[in-house]
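Structure first, commentary second.
Chain A is the first sequence line, chain B the second, and so forth, proteins listed ahead of strands; every chain is numbered from 1. Here the structure is a predicted model, which is why all the values come from computation and not from measurement. Computed from heavy atoms alone, side chains included, the values below leave out hydrogens, waters and symmetry copies.
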Amino acid sequence: SGDDGTEVRFGYISDFNGASLLAIAEKQGLWKQHGLTAQIKVFTNGPLQIQALGAGDLDFGYIGPGAFWLPASGQSKIVTINTLTYADRVIGQPGITAMTDLRGKRVGVPEGTSGDMVLNLALRRAGMTVQDIQKVPMDPSTVVSAFVSGQIDAAGIWYPLIGTSIRPKVPGLVEVASTRQFPDTAFPTAFVARKDIDTAFSKKVITVLQAANDWRAAHPDEAISEAAALLKRDRAEVAADAANVRTMTTADLVSKTRDGTVRRWLTGLSDFFVQTGQLKSAPDPAEYYTAEQYMEASGR
Amino acid sequence: MSTKISFRDVHKSFPVKGGMFTALQGVSLDIADEEFVTVVGPSGCGKSTLLGMAAGLVEPTAGDVLVDGSPVTGPGPERGVIFQQYALFPWLTVRRNVEFGLKLTSLSAAECRHRAERAIDLVGLADFADALPKTLSGGMKQRCAIARAYAVDPQVLLMDEPFGALDALTRVQLQEQLLRTWSQERRTVMFITHDVDEAVFLARRVVVMAARPGRIHTIVDVGLPYPRTEEIRLSPEFGRIRNDVWHAVYHQDALTA
Amino acid sequence: MSTKISFRDVHKSFPVKGGMFTALQGVSLDIADEEFVTVVGPSGCGKSTLLGMAAGLVEPTAGDVLVDGSPVTGPGPERGVIFQQYALFPWLTVRRNVEFGLKLTSLSAAECRHRAERAIDLVGLADFADALPKTLSGGMKQRCAIARAYAVDPQVLLMDEPFGALDALTRVQLQEQLLRTWSQERRTVMFITHDVDEAVFLARRVVVMAARPGRIHTIVDVGLPYPRTEEIRLSPEFGRIRNDVWHAVYHQDALTA
Amino acid sequence: MSVVTVPDETTPAQPAARSRTGRTLTLNIAAVAIGLAGWSALAAIGVQGLPGPIVVAQRAGELIADGTLAGDVLASLRRVLIGFTLGTALAVPVGFLMGWYAVARGLLEPYVQFFRTIPPLAIIPLAIVLLGIGEVPKIFVIFLAAFLSSVVAAFQGVVGVDRTLINAARVLGASDRTIFIKVVIPASTPFILVGMRVGLGSAWGTLVAAELIAAQEGLGFRMQQAQLYYDLPTIFVGLITIGVLGLAMDRLLLLADRHLTAWQERR
Amino acid sequence: MSVVTVPDETTPAQPAARSRTGRTLTLNIAAVAIGLAGWSALAAIGVQGLPGPIVVAQRAGELIADGTLAGDVLASLRRVLIGFTLGTALAVPVGFLMGWYAVARGLLEPYVQFFRTIPPLAIIPLAIVLLGIGEVPKIFVIFLAAFLSSVVAAFQGVVGVDRTLINAARVLGASDRTIFIKVVIPASTPFILVGMRVGLGSAWGTLVAAELIAAQEGLGFRMQQAQLYYDLPTIFVGLITIGVLGLAMDRLLLLADRHLTAWQERR
Ligand SMILES: Nc1ncnc2c1ncn2[C@@H]1O[C@H](COP(=O)(O)OP(=O)(O)OP(=O)(O)O)[C@@H](O)[C@H]1O
Ligand SMILES: Nc1ncnc2c1ncn2[C@@H]1O[C@H](COP(=O)(O)OP(=O)(O)OP(=O)(O)O)[C@@H](O)[C@H]1O
Ligand SMILES: [Mg+2]
Ligand SMILES: [Mg+2]
């Protein structure tokens with residue numbers, strides 16, 4: 001464990017966002033270079049990792065945008081921003097062409113996830129609210145079966161679920177709204193750490209992640225292969241997944257941290273969570289994003 | 001009189017650890033219509049097994065069991081059975097146990113109730129009609145089982161040591177009642193007992209069985225007239241037949257059975 | 001001879017629908033050490049209940065039950081019981097049923113086996129030692145229960161119609177064996193039976209009970225000497241006592257009990 | 001006649017029984033108190049994320065005040081009651097068929113045993129595809145859980161019915177149907193009730209899974225919502241409500257058991 | 001002496017028994033065949049998202065070839081076996097305590113009944129907090145499910161033991177402990193086995209929930225992973241493997257049952 005300062009217990013989710021850096025760090029020997037060994041554990045979602053962090057069973061973890069309210073409410077700290085994802089869509093059954101067509105229709109969505117966010121953004125842009133549709137909360141796999149079997153008219157859901165499971169069965173599905181249409185709102189993914197993590201230890205890990213991040217930005221194709229190898233999945237599947245991900249160089253992230261872009265992303269997400277009720281108020285990102293450490297680790 | 005129950009060269013074996021156990025070997029017996037036959041014999045000689053075949057509960061390994069000329073394929077309400085182990089339904093009161101068979105007939109509810117009442121009275125359980133079996137003494141359970149079989153008034157009565165748990169007076173009273181019913185309503189009765197006195201007192205013929213393997217040893221004709229009275233029980237002729245039967249049973253060595 | 005078992009003004013009532021049923025009312029009885037007492041009475045008069053109290057299985061509603069001068073607080077291996085319903089452990093073979101009590105003593109395994117073997121031989125079940133209860137006939141089950149109680153060789157034997165399901169010869173053999181053991185090893189026996197002959201043949205005193213409510217009606221002293229032989233059974237004196245007991249039981253009206 | 005009819009309630013048997021019930025109640029209350037104390041202690045020493053009883057009680061108060069809890073309880077109770085009732089009602093005849101007819105056993109048993117081991121979560125996609133997202137699939141998932149738990153017990157009960165009792169009914173002229181209703185069912189009541197009690201647990205335990213299927217209210221739904229928001233007090237309110245409702249229904253079953261198996265000689 | 005010892009296997013009883021087993025097997029195979037046919041038909045008429053048997057068999061082939069399935073089976077089997085064994089082993093003495101001593105019943109019953117109705121999914125957060133994310137919390141969740149299912153049956157079995165048998169043991173001088181081991185356990189074996197069989201179902205049914213706790217392999221884990229990409233063939237391979245393993249273990253229990261309750265007179 002982290003006690004002797006050499007072993008990192010790292011949680012991740014088995015998709016391109018969650019797995020690529022860990023695959024690269026291992027393959028490129030980046031952990032070893034910094035005198036660390038990594039013990040990586042796969043999880044199905046962010047909140048479970050946050051719990052494990054809280055219980056002291058994990059040192060670092062990976063979360064998607066839907067789980068950002070957890071660090072924001074003080075459950076853990078964000079140590080690096082990973083990527084931006086553009087995987088979320090509002091999809092409709094064939095025949096539906098615009099958000100306004102959804103008035104009074106049944107829309108399935110996993111509540112509090114990025115799918116929920118994109119649905120909210122799309123509604124707002126169309127001048128509607130959730131009151132105008134019939135929102136049916138369900139978990140992601142339920143959304144898939146419900147949409148495929150025509151039990152719901154639309155859904156707020158993401159790739160790769162859309163690509164691998166829904167489109168083959170409903171080829172005529174319509175992407176009514178997409179994350180790409182909201183440049184003002186970003187959907188970042190991040191790595192988080194235990195609240196009581198040792199600063200020196202944490203900085204070493206950040207350094208490794210930064211190195212892996214730069215390698216990923218420089219070798220996008222190889223990064224996909226590395227992730228597919230770790231996940232034991234088809235390279236094509238992972239590639240489709242990666243197509244909705246925007247990676248950034250460490251330099252880029254440092255400058256975005258410095259100029260307040262990251263801060264704006266985080267505040268945007270917090271505001272969304274305040275709307276849904278997951279947060280009571282939007283806290284200052286400085287309270288849960290260790291920007292200083294990130295910049296110090298990068299040496300810039 | 002025609003034959004009511006007919007055992008034709010009946011064999012029965014049970015699988016036991018390491019082989020087969022022969023419970024009955026080559027038993028042939030005809031019981032006439034309206035006849036009263038008692039069966040005696042050492043413990044474990046196959047009496048209950050034989051009665052179970054007539055009831056349609058035990059299948060012979062070989063041979064045939066006929067009732068009214070047709071092979072027995074299963075039990076039926078025209079053949080009433082009183083089991084050696086009472087077999088009361090523990091969740092029913094005495095009254096409901098007795099009514100059980102009646103309710104399966106086409107009798108009206110009132111008639112069921114009436115008949116059950118009569119049968120319960122007959123065995124002296126009127127005060128316990130609403131008691132559950134677990135609160136009855138051994139003899140009371142047995143009397144309840146008797147009432148249950150009597151209530152449906154079957155043509156054939158197959159009785160396995162029905163009076164075994166009863167005190168002598170109750171026993172004599174029930175013996176006399178049984179004989180009265182039998183002679184008035186002309187039923188056929190096959191009656192297992194360990195009491196040689198009882199066997200002779202009730203029967204037109206006493207079937208004496210032998211053990212290892214179970215088989216018929218002798219059949220003793222009881223030449224005594226009906227109705228059987230206390231007088232007959234005390235007659236020297238009765239004593240003679242009683243001794244015959246006793247001798248037939250007990251020239252055998254009981255405790256090795 | 002000192003008193004072994006003592007019932008002092010014992011009452012027993014059971015809760016029944018709508019009130020209490022008095023099973024025993026004011027029963028007082030002393031059974032001396034090494035005495036052989038038989039209990040007779042109409043069905044349901046409380047014989048099993050009384051025996052259950054001596055065994056420590058039934059608590060009196062009022063009054064005291066003492067064994068060796070101290071109140072009975074529960075059952076114990078020094079008081080062997082043979083139940084009216086056999087109560088064999090259905091998952092154990094005859095041999096293991098008989099060994100059950102022995103294994104609870106400090107006897108060696110070999111000794112247990114030996115004693116069980118002897119008890120099983122005694123009741124004539126040697127060939128069925130490895131059979132499960134469900135494969136035994138009624139009488140065989142009863143003999144197994146007898147063997148189980150005999151095997152632990154208790155000081156006091158409490159026997160509830162132990163020979164009820166046995167044929168006459170087996171019964172006589174077991175009666176004689178019981179008397180032999182009793183006289184040689186000086187045990188105390190309380191023995192319930194429905195057979196007045198048996199009651200008189202075995203006992204030093206016959207306790208005659210009456211029903212509704214259950215109570216002691218008379219105690220008949222059997223003045224006959226031990227060992228009891230076939231000769232004694234045929235003696236006029238035996239016949240006289242037998243009639244006394246019979247009269248004591250059956251001036252009562254059995255079927256209303 | 002020595003049966004004494006005592007019309008008032010002062011027969012000796014009554015106080016004894018009453019005091020026994022009283023003692024059981026005292027013990028139950030003691031047990032609950034110990035549990036609460038333990039919980040408070042755990043929360044007080046600050047086990048991560050564990051809310052104490054007071055916080056939970058406050059949250060319960062809020063949920064009761066705004067009517068959420070009542071609505072959730074009603075919705076969930078309806079689902080559990082219907083699913084459970086149907087499940088156990090079907091389990092008895094199916095258990096009978098399996099116990100009675102070798103052919104039925106041979107055909108049905110593989111399915112029963114197979115589906116028994118499959119987690120309810122895994123049934124959901126199929127339930128949605130075949131039954132939609134209304135109340136039907138939710139009740140179906142609960143029904144299945146209750147059915148699969150009870151059927152084994154019913155089956156075993158039927159198989160174990162004392163053969164002499166069946167014979168006694170047969171010689172009185174009872175048909176298979178009559179034997180089933182009048183002998184097999186009463187004789188296997190103790191088993192069936194075990195099955196029902198276990199099935200009741202399964203039914204409640206499956207509630208959360210069932211309410212994954214597009215529920216709009218219900219205790220399981222509320223708990224999932226709360227999990228999203230990491231709202232532990234609400235989760236605890238849900239857990240405790242489910243526990244208490246389950247306990248209450250179990251007590252009712254137990255009461256039924258006492259009445260239905262009063263004929264058993266028991267300790 | 002009419003007990004005939006027949007050393008070879010050609011006694012009449014043997015072929016009958018063998019043919020009965022044979023018929024059951026035939027029926028089971030028929031049942032499976034019917035099931036497969038039904039499944040193929042459903043998949044063929046294009047029930048949304050349902051993969052057919054052939055696709056699933058191919059996926060199974062792949063998973064077997066690369067050793068994934070073997071690893072998953074081993075991991076899950078270990079968890080289920082340990083959890084189930086501990087759970088049922090504890091259920092018997094606890095059921096005994098509850099059945100035998102009124103005090104124990106009063107104290108324990110509320111908890112048992114309360115926790116029985118709580119969904120395993122809801123236990124997970126607490127399990128992580130108290131037990132971490134290693135093997136212990138996973139096994140604990142399975143253990144709990146098996147325990148809670150079995151304990152009711154064990155309890156009911158103990159309560160229903162024939163009083164005469166207990167009395168028979170007591171008059172032979174048996175202590176409470178001896179009575180428990182030598183009378184109560186054998187007499188309630190039919191109940192305990194019902195409990196174990198239901199508990200086995202619960203244990204497997206809880207596997208997916210248990211493997212939510214940061215499992216790195218296992219059938220439940222694999223199914224969840226597959227859910228991220230909605231890889232239905234893999235999910236079906238998992239379901240069928242769980243079903244088959246559960247069925248096999250159930251058969252073993254049934255075999256044990258046959259041996260342990262051969263003394264019962266049964267149909
Ligand atoms: N299911 C069985 N399996 C093996 N043997 C059995 C079975 N049923 C009965 N037997 C054997 O068959 C023989 C005859 O049994 P049955 O019950 O007919 O005797 P019985 O003459 O009625 O004896 P009793 O007077 O003691 O009741 C016995 O030796 C018994 O052990
Ligand atoms: N648990 C009980 N509840 C109610 N009544 C009971 C209970 N046990 C026994 N009785 C009643 O007590 C009376 C005496 O029963 P007991 O078994 O002692 O009779 P018994 O003399 O042994 O009769 P038998 O010769 O028929 O065995 C009976 O009338 C019976 O109904
Ligand atoms: Mg017999
Ligand atoms: Mg009695």
Pick one of side chain, backbone, both or neither for [X], based on which atoms fall under 4.5 Å of a heavy atom in chain D.
X	answer
Met223(E)	side chain
Val103(E)	both
Ile29(E)	neither
Phe115(E)	neither
Leu253(E)	neither

request  = Mind ranking Val152(D), Val208(D), Leu239(D) by heavy-atom pairs under 4.5 Å with chain E and telling me who comes out on top?
outcome  =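 Sorted descending by pairs with chain E, the first entry is Leu239(D).
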
message = Quick test of your reading: applying salt bridge (Lys or Arg N to Asp or Glu O under 4.0 Å), list the pairs with at least one residue in residues 187-204 of chain E, sequence neighbours left out, ordered by first then second residue.
response = Glu109(D)-Arg197(E), Arg197(E)-Asp250(E)

message = Closer than 4.0 angstrom, basic N to acidic O: yes or no for Arg222(E) and Glu211(E)?
response =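 Judged by the 4.0 Å cut-off on N to carboxylate O distance, Arg222(E) and Glu211(E) do not form a salt bridge.
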
ask   = Considering residues at least two apart in sequence or located in another chain, which fulfil the side chain to side chain contact (heavy atoms under 4.5 Å, CB included) criterion with Leu252(E)?
value =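 Partners of Leu252(E) by the side chain to side chain contact (heavy atoms under 4.5 Å, CB included) criterion come out as none, since no residue qualifies.
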
message = Just checking Trp204(E) against Phe114(D), ring centres under 6.0 Å apart?
response =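 Centroid separation for Trp204(E) and Phe114(D): 6.0 Å or greater.
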
message = Does the plane of the ring in Phe236(D) sit parallel, tilted or perpendicular to the ring in Trp39(D)? Use 30° and 60° as the thresholds.
response = parallel

ask   = So what's closer than 4.5 Å to chain E heavy atoms on Ile240(D): side chain, backbone, both or neither?
value =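 Both parts, heavy atoms under 4.5 Å.
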
request  = Tell me, with the steps shown, if Val159(D) and Gln156(D) meet side chain to side chain contact (heavy atoms under 4.5 Å, CB included).
outcome  = CA-CA 5 Å; Val159(D) 168; Gln156(D) 208 91 350; 5.7 Å; no

